[in-house]
Amino acid sequence: MRVATYNVNGVNGRLGVLLRWLAEAQPDIVCLQELKAPDERFPAKAIGDAGYEAIWHGQKSWNGVAILSRVGTPVETRRALPGDDEDVQSRYIEAAVNGMLVACLYLPNGNPRPGPKFDYKLGWFDRLIAHTADLIATGIPIVVAGDFNVMPTEQDVYKPERWQGDALFSPQVREAYARLLGQGWTDAVRTIHPDETIYTFWDYFRNAYARNAGLRIDHLLLSPALAPRLAAADVDREVRGWEKSSDHAPVWIELADTPVRTRRRRSGATPRNEA
DNA sequence: ATGGCTAATAGCATTAGA
């Protein structure tokens, strides 16, 4: 089974690209971010015609998340993170689908830093970590996927020295990401490709995609019950080069029906199967 | 280092993104 995450940067403006990618990549479950559309403008018909059932949490102009599935109806378990009734931004949706729990998130950007937007990001991250602690404690297979707006390490940034003061790379935000992974989540792409330079975002400025001046900020995290089934993971980076593309590329994982990997080592060493 | 690009919304400029 293939699970993907894709920040589409406008689900209606990029609908042609999204439908083409769905047809070519054939993902089974897809988490979308940055719909930039209110609920009534979500293109449910076109996505349905492509073979996917969907749930979505939209918002006028900004944000917005959705979960698509062609392997059974996504049964919504939550929309919005707990912990702040005042938060009206559509950045989280969660569903049970095909024997798993799928959490789709769009973590706040946080710039400029410092400031209220950065504080909102840190607060949102703390609420996420509190919620994922509850999720992982259930022991069920879970994927937490989305645009985290965090480059976890220098390996994930084209020019780390230029991003030191940025909200996407600040020590506090990287620490929060590390704290999240410390609960027991597996960063799927980094586990499959421990040493490669891999990006999921290239900005529209200065020919960034052609220069491969990118960032790795879209992630798929697996709970301990699911991590042993991780068979493959990668970025469909060519999609970023398509006409009218998002500034992000889709990221995907392949999950086997049965375990293919040994448990991740506590040391953080690269997991590998025993000989 | 910022924003040279892009979307949405409003209504032909602004806000936000990363």
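Just so we're on the same page: letters track the sequence lines, and every chain starts at 1.
- For the pair A:Asp203 CG and B:dT6 C1', the computed distance is 11 Å after rounding to whole Å.
- When rounded to the nearest whole Å, the span between CZ of A:Phe201 and P of B:dG3 equals 15 Å.
- Note: CG (A:Asp166) to C1' (B:dT2) measures 11 Å, nearest angstrom.
- For the OP1/OP2 pair of B:dA7 and a distance below 4.0 Å, the side-chain nitrogens and oxygens of A:Lys244 include at least one atom meeting the criterion.
- Here B:dA8 is the nucleotide among B:dA7, B:dG3, B:dA8 with the atom lying nearest to any side-chain atom of A:Ser61.
- Listed by chain and number, the residues in a salt bridge (Lys or Arg N to Asp or Glu O under 4.0 Å) with A:Glu154 amount to none (sequence neighbours excluded).
- Counting non-hydrogen atoms under 4.0 angstrom, A:Arg41 reaches the backbone sugars and phosphates but no base.
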Dump the pairs, protein N or O against N or O of nucleotides 15-17 of chain B, anything under 3.5 Å, distances to one decimal.
residue: B:dG17; atom: OP2; partner: A:Lys117; partner atom: NZ; Å: 3.3

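- For the OP1/OP2 pair of B:dC5 and a distance below 4.0 Å, the side-chain nitrogens and oxygens of A:Arg206 include no atom meeting the criterion.
- Distance check on atom P: B:dA1 versus B:dA16 gives 25 Å, rounded to whole Å.
- As a whole-Å value, the separation of A:Gln164 CD from B:dT2 P is 14 Å.
- Atom C1' of B:dT15 sits at a distance of 12 Å from the matching atom of B:dA10, rounded to the whole Å.
- Straight-line distance from the CG atom of A:Leu18 to the P atom of B:dA7: 15 Å, rounded to whole Å.
- Under 4.0 angstrom from either OP1 or OP2 of B:dA10 there lies at least one side-chain N or O belonging to A:Lys60.
- The separation between A:Glu40 atom CD and B:dT9 atom C1' is 14 Å, rounded to whole Å.
- Partners of A:Arg20 under the salt bridge (Lys or Arg N to Asp or Glu O under 4.0 Å) rule, at least two apart in sequence or in another chain, are A:Glu24.
- Scanning DNA chain B for stems, defined as runs of 3 or more consecutive Watson-Crick or G-U wobble pairs whose donor-acceptor distances all fall under 3.5 Å, gives the following ranges: B:5-9 with B:13-17.
- Legend: ring pair (Phe, Tyr, Trp, His ring centres under 6.0 Å) pairs involving residues 212-259 of chain A, not counting sequence neighbours, sorted by first then second residue: A:Phe148-A:His219, A:Tyr177-A:His219, A:Phe201-A:His248.
- Tracing side-chain contacts under 4.5 Å through hydrophobic residues (I, L, V, M, F, W, Y), one reaches A:Leu32 starting from A:Leu19; they form part of the same cluster.
- Residues satisfying the side-chain hydrogen bond (donor to acceptor under 3.5 Å, both in side chains) test with A:Lys244, not counting sequence neighbours, are none.
- Distance noted for atom P between B:dT6 and B:dG11: 24 Å (whole Å).
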Only distances under 3.5 Å count here; give the side-chain donor-acceptor pairs of residues 50-58 of chain A to other protein atoms, sequence neighbours excluded, each with its distance to 0.1 Å.
residue: A:Tyr52; atom: OH; partner: A:Pro27; partner atom: O; Å: 2.6
residue: A:Glu53; atom: OE1; partner: A:Thr73; partner atom: OG1; Å: 2.7
residue: A:Glu53; atom: OE2; partner: A:Thr73; partner atom: N; Å: 3.4
residue: A:Glu53; atom: OE2; partner: A:Thr73; partner atom: OG1; Å: 3.1
residue: A:Trp56; atom: NE1; partner: A:Asp39; partner atom: O; Å: 3.1
residue: A:His57; atom: NE2; partner: A:Ser90; partner atom: OG; Å: 3.3

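- Residue pairs meeting the side-chain hydrogen bond (donor to acceptor under 3.5 Å, both in side chains) criterion with at least one partner in residues 132-143 of chain A, sequence neighbours excluded, are A:Thr132-A:Gln183.
- Checking A:Trp202, A:Tyr204, A:Tyr158 one by one against A:Tyr209, the ring-ring contact (aromatic ring centres under 6.0 Å, His included) holds for a single residue, A:Trp202.
- In this structure, A:Arg113 forms a cation-pi arrangement with A:Phe118, its terminal cationic atom sitting closer than 6.0 Å to the ring centre and no more than 45° off the ring axis.
- Comparing A:Gly10 and A:Pro108 by the nucleotide of DNA chain B that holds the closest heavy atom to each, the one mapping nearer the 5' end is A:Gly10.
- Look at the P atom in both B:dG4 and B:dT14: the space between them is 14 Å, to the nearest Å.
- Take A:Asp218 and apply the salt bridge (Lys or Arg N to Asp or Glu O under 4.0 Å) test, not counting sequence neighbours, and it matches no residue.
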